[in-house]
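Naming: A, B, ... by sequence-line order, numbering from 1 per chain.
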Amino acid sequence: VRAFAEWLSGTPPSVAIQSTVWLVRLLQATHLLTAGVVAVSGLMIALRVLGWQRADVPFEAVWTRFAPWLALSLAAMLATGVAQTLGDPVREFTATSYWVKLALVLSCAVGTLLLTRAARRAPPATGFSLAAKLLAAALIFFWVAIVLLGRMIAYDRAIWGGLSLRA
Amino acid sequence: MSTQSILASIEGSALADWMRYTNGAMPIVESTHVLAAVLLFGTVLIVDLRLLGVLDASRAFTRVSRETLPLTWLAFGVSVITGSLMFATSAQTYFGNTSFQLKALALLGAGLNMALFQLFTARGVATWSRNAGVPRASRVAGLVSILLWAAVLLLGRWIGFTKGHDFGIPPGVELVFPG
């Protein structure tokens with residue numbers, strides 16, 4: 001992985017990003033703003049299933065309100081994330097936090113879709129199943145972890161110790 | 001007591017020492033600060049977009065505000081605590097940093113905007129809370145709020161770009177240089 005990252009960091013697109021300081025900063029700042037919209041949109045959908053947000057309206061209404069924001073901001077977050085990775089592949093690929101974060105982003109995307117399917121099937125009389133509520137709780141934990149891990153990439157050895165890919 | 005001596009005493013406090021010399025303290029506190037700031041921005045956005053009449057038009061403003069703001073205040077509280085801990089480690093450097101000063105100004109502006117909204121603009125909230133159309137002053141307050149909180153978040157990131165690095169080494173940690 002390190003060899004691939006080192007090769008990638010020498011390619012023209014990577015060098016172009018590395019040598020444009022304002023672009024790196026703009027990418028990081030945009031990534032941060034979009035992370036806020038992603039995390040909160042994902043949290044609101046999960047919190048609705050737990051009955052802690054907008055319990056007075058059907059799940060569908062909460063989904064219609066937050067899903068487009070989640071999808072668009074997630075796309076922007078991924079685009080800025082890919083560009084940042086391209087700009088500093090060695091730093092990103094050698095961080096355990098980076099790979100765990102990626103796995104959690106994927107899990108949250110799939111998990112939110114599964115949660116929506118389960119929520120739509122839930123009979124109004126009995127409400128959401130225990131499995132759906134457990135999935136919602138896991139998603140809340142994952143969304144929070146994604147944001148934390150994003151910052152922790154800079155401190156991989158301090159956070160992961162011997163498990164850090166930089167160790 | 002001068003500002004410099006106050007800042008120096010903050011830097012010399014036991015809390016600052018704990019932050020500096022405890023392995024893992026800085027990464028965990030800083031990551032938690034980012035998490036709180038990001039959640040604060042995201043939840044403020046929900047309330048402000050309702051204030052602008054862009055989203056949740058069929059939901060009363062007071063309701064959106066009541067159900068979202070507890071999360072915002074929680075995030076604000078966590079970001080103040082973690083931000084203070086980070087500030088303590090290098091109070092003099094932060095105090096002299098332009099991005100930090102601008103962030104403090106933006107925070108002050110956001111607080112002032114909220115106070116003015118609560119004191120004056122929101123007085124007649126009962127008359128328009130359920131309407132999709134919101135009075136102009138409220139819409140302005142919503143827009144100003146989004147811009148200021150986005151500025152707080154971005155300037156916070158900018159501190160990291162402009163502050164420089166601290167090279168403090170925790171006691172007991174030996175640096176080994178290759179070769």
Side-chain angles (χ1 to χ4, degrees), chain A residues 21-22 24-44 47-48 51-57 61-62 64-70 73 77 80 84 95 97 101 140-141 143-161 164, chain B residues 22-47 49-50 54-60 63-64 66-72 74-75 78-79 82 86 99 146-147 149-162 165 170 173:
Chain A
V21 176
W22 65 265
V24 174
R25 293 180 176 186
L26 185 69
L27 286 170
Q28 286 194 15
T30 314
H31 194 69
L32 201 60
L33 283 176
T34 53
V37 183
V38 168
V40 169
S41 302
L43 285 177
M44 295 306 267
L47 287 171
R48 170 62 189 89
W52 295 345
Q53 279 289 327
R54 306 191 181 211
D56 60 310
V57 292
V62 177
T64 309
R65 160 66 180 83
F66 288 102
W69 286 77
L70 176 60
S73 52
M77 194 179 95
T80 50
Q84 282 183 79
S97 292
K101 182 185 168 181
I140 290 170
F141 177 73
W143 285 123
V144 167
I146 285 168
V147 182
L148 284 173
L149 287 165
R151 188 65 202 119
M152 286 176 176
I153 289 171
Y155 300 103
D156 211 58
R157 289 179 74 166
I159 295 294
W160 293 95
S164 169
Chain B
T22 307
N23 279 326
M26 191 54 148
I28 290 168
V29 169
E30 193 180 321
S31 304
T32 309
H33 186 69
V34 171
L35 171 70
V38 152
L39 294 181
L40 194 154
F41 175 71
T43 52
V44 158
L45 198 62
I46 292 173
V47 178
L49 286 174
R50 171 62 186 91
V54 174
L55 285 168
D56 291 319
S58 59
R59 199 163 182 77
R63 184 154 209 164
V64 173
R66 199 172 52 239
E67 61 200 6
T68 313
L69 288 183
L71 292 173
T72 311
L74 178 69
V78 173
S79 60
T82 49
M86 287 160 65
S99 300
I146 291 174
L147 293 175
W149 283 113
V152 169
L153 199 61
L154 296 181
L155 287 164
R157 187 65 201 91
W158 236 255
I159 295 170
F161 295 139
T162 54
H165 299 282
V173 172

Go through the atoms of A:V38 and report whether side chain, backbone, both or neither lie under 4.5 Å from a heavy atom of chain B.
neither

Which donor-acceptor pairs under 3.5 Å do side chains of residues 37-47 of chain B form with protein atoms, sequence neighbours excluded?
residue : atom : partner : partner atom : Å
B:T43   : OG1  : B:L39   : O            : 2.9
B:T43   : OG1  : B:L40   : O            : 3.0
B:T43   : OG1  : B:T72   : OG1          : 2.9

Would the distance check show the side chain of A:Q53 and the main-chain N or O of B:E67 forming a donor-acceptor pair, the cut-off being under 3.5 Å?
yes

What part of B:L155 gets closer than 4.5 Å to chain A, counting heavy atoms only: side chain, backbone, both or neither?
neither

Under the ring pair (Phe, Tyr, Trp, His ring centres under 6.0 Å) test, residues paired with A:W69 that sit two or more places apart:
none

Report the distance from atom CZ of A:F66 to atom CG of B:L55, rounding to the nearest 0.5 Å.
8.5 Å

Assert top hit (heavy-atom pairs under 4.5 Å, partner chain B, pool A:V24, A:L32, A:V57) equals A:L32

What part of B:L154 gets within 4.5 angstrom of chain A, counting heavy atoms only: side chain, backbone, both, or neither?
side chain

In Å and rounded to the nearest 0.5 Å, what is the CG to CG distance from B:L35 to A:L149?
10.5 Å

Would you mind checking which part of A:L33 comes under 4.5 Å of any heavy atom in chain B, side chain (CB onward), backbone (N, CA, C, O), both or neither?
both

Using non-hydrogen atoms only, which part of A:L43 is less than 4.5 Å away from chain B: side chain, backbone, both, or neither?
side chain

With a 4.5 angstrom heavy-atom cut-off, which part of B:T32 approaches chain A: side chain, backbone, both or neither?
both

Say you draw a straight line from CD1 of A:I159 to OG of B:S31; how long is it, rounded to the nearest 0.5 Å?
5.5 Å

Roughly how far apart are A:R151 CZ and B:R157 CZ, rounded to 0.5 Å?
5.0 Å

So which residue, A:V21, A:V40, A:T30, ends up with the most heavy-atom pairs under 4.5 Å with chain B?
A:V40

Just so I know, are the side chains of A:R54 and B:R59 near enough to count as touching, which here means a heavy-atom distance under 4.5 Å?
yes

Under a 4.5 Å heavy-atom cut-off, does chain B meet the side chain of A:R65, its backbone, both or neither?
side chain

